[in-house]
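Worksheet: the structure to be examined is printed underneath.
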Amino acid sequence: MVLDVLELLKRKDPSITYRRSCREGVCGSDGMNINGTNGLACITPVSSVVKSGGKLVIRPLPGLPVVRDLVVDMTVFYKQFEKIQPFLINNTPAPAIERLQSPEDREKLDGLYECILCACCSTNCPSFWWNPEKFIGPAGLLQAYRFLADSRDTAINERLANLEDPFSVFRCRGIMNCVAVCPKGLNPTRAIGHIRSMLLQRAT
Amino acid sequence: MVTNVTSFGRSGLYDWLVQRITAVILAVYFVTLFGYLLLNPDLDYQQWQKLFSATWMRIASLMALMALCAHAWIGMWTISTDYLTSDMLGGKATVIRFFFQTACVVLMFIYLVWGIQILWGI
């Protein structure tokens, strides 16, 4: 894996800095640009990105300020995530045990909740590069839809009202870099399409 | 919610919808016109003038002209807010962007009026 190469390099030069934690594609710490494509170093085999005799070029995630070596400042990424209120909102009285969901309703969250916020998608998105302060980005929008699709959430109208401006959702131009690079195989473009449909249903 | 007052309809959803509807109108209009040209290889001035004098053609042409203006406004506005920003141009970005947007809107208005004049001058 690419992470092993980095570990080897760090043993030779301990000043090399990067983030890593679980080393198995669960924590999302080691998102970086590997030979031009974003991915998680820990689950990207060197053989999949380097042709025999080729070079391995590792860069920090594009579009975010570099703190040091491969470590980027992810403040703006988290700010966009915070904007979509990534938590369940339900104003009805809490039931004694838990809020139940039918298996069908639960199924709607598949392909959404698995996001680990590694930022590979958003930092490979040109729309996010040009407007990181205004466009929520694929990661944030995937999570926005995760809560819009949740049968237990009661704030659908408020959530949608916060998304209908020209930037938050509609800056997505369907480039689909997010889908191409997501290490978890998720599809933010489809989620954005669902959000657009919900906005359209609400406003026509 | 990001506030913006220079986009076509002040709403991302509205602009998105208008962009798509106008695209369909433009596609139908120009594909039909292209088809007409293909079907009439020996087209002469009288026939061309008769086509554009018909009420239905005036309606279609005006609709396409207005669709073009709306479509171009949304597109040019999007380009200006992607590339003419302070990240790209520094402190003067707002002045440049606003000037660019105003110039685009004025130009589209000129083309619209000019287009109507041409269509009804036939």
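Just so we're on the same page: letters track the sequence lines, and every chain starts at 1. Only this structure's heavy atoms are used, side chains among them; waters, hydrogens and symmetry mates stay out.
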Quiz item: Going from CD1 on I43(A) to CD on E24(A), what distance comes out if it is rounded to the nearest 0.5 angstrom?
Solution: 10.0 Å

Quiz item: With side chains defined as the heavy atoms from C-beta onward, is the minimum distance between R146(A) and Q143(A) less than 4.5 Å?
Solution: yes

Quiz item: Where on S7(B) is there a heavy atom nearer than 4.5 Å to chain A: the side chain, the backbone, both, or neither?
Solution: side chain

Quiz item: How many angstroms lie between atom OG of S48(A) and atom CE of M1(A), to the nearest 0.5 angstrom?
Solution: 8.0 Å

Quiz item: Can you say whether D82(B) sits under 4.5 Å from chain A via the side chain, the backbone, both, or neither, judging by heavy atoms?
Solution: both

Quiz item: What residues of residues 188-197 of chain A sit under 4.5 Å from chain B when only non-hydrogen atoms are counted?
Solution: R196(A)

Quiz item: Among pairs that include at least one residue of residues 95-122 of chain B, which meet ring pair (Phe, Tyr, Trp, His ring centres under 6.0 Å), considering only residues two or more places apart or in two chains?
Solution: none

Exercise. Spell out, as yes or no, whether a donor-acceptor pair under 3.5 Å connects the side chain of K184(A) to the backbone of G25(A).
Key: yes

Quiz item: Got a second to check how far S61(B)'s OG is from I122(B)'s CD1, nearest 0.5 Å?
Solution: 7.5 Å

Exercise. Go through I74(B), T78(B), D15(B) and name the one with the most non-hydrogen pairs under 4.5 angstrom from chain A.
Key: T78(B)

Quiz item: Considering only heavy atoms from C-beta outward, does the side chain of D30(A) approach that of L6(A) to under 4.5 Å?
Solution: no

Quiz item: Using non-hydrogen atoms only, which part of Y14(B) is less than 4.5 Å away from chain A: side chain, backbone, both, or neither?
Solution: neither

Quiz item: Roughly how far, to the nearest 0.5 Å, is the OH atom of Y145(A) from the CE atom of M198(A)?
Solution: 6.0 Å

Quiz item: Would you call W16(B) and L200(A) a side-chain contact if the rule is heavy atoms closer than 4.5 Å?
Solution: yes

Quiz item: Hey, are the side chains of L56(A) and N35(A) touching, using non-hydrogen atoms and a 4.5 Å cut-off?
Solution: yes

Self-check item: Presence of salt bridge, R23(A) and E7(A), under 4.0 angstrom
Solution: no

Quiz prompt | Which atoms of L17(B) approach chain A - backbone, side chain, both or neither, heavy atom under 4.5 Å | solution = side chain

Quiz item: Residues of residues 59-84 of chain A under 4.5 Å from chain B (heavy atom pairs)?
Solution: K83(A)

Exercise. Would you kindly say whether R99(A) and T92(A) are connected by a side-chain donor-acceptor distance under 3.5 Å?
Key: yes

Quiz item: Who wins among T81(B), T85(B), L13(B), D87(B) for the most heavy-atom pairs under 4.5 Å with chain A?
Solution: L13(B)

Quiz item: Between R159(A) and D153(A), is any pair of side-chain heavy atoms under 4.5 Å apart?
Solution: yes

Quiz item: What residues of residues 103-131 of chain A sit under 4.5 Å from chain B when only non-hydrogen atoms are counted?
Solution: W130(A), N131(A)

Self-check item: Residue selection (most heavy-atom pairs with chain B, distance under 4.5 Å) from R173(A), E133(A), E164(A)
Solution: E164(A)

Quiz item: Are Q101(A) and D150(A) close enough that some pair of their side-chain heavy atoms sits under 4.5 Å apart?
Solution: yes

Quiz item: Looking at OG1 of T22(B) and CH2 of W73(B), how far apart are the two atoms once the value is rounded to the nearest 0.5 Å?
Solution: 13.0 Å

Quiz prompt | Minimum heavy-atom distance L40(A)-T44(A), with the two atoms named | solution = O-OG1, 2.6 Å

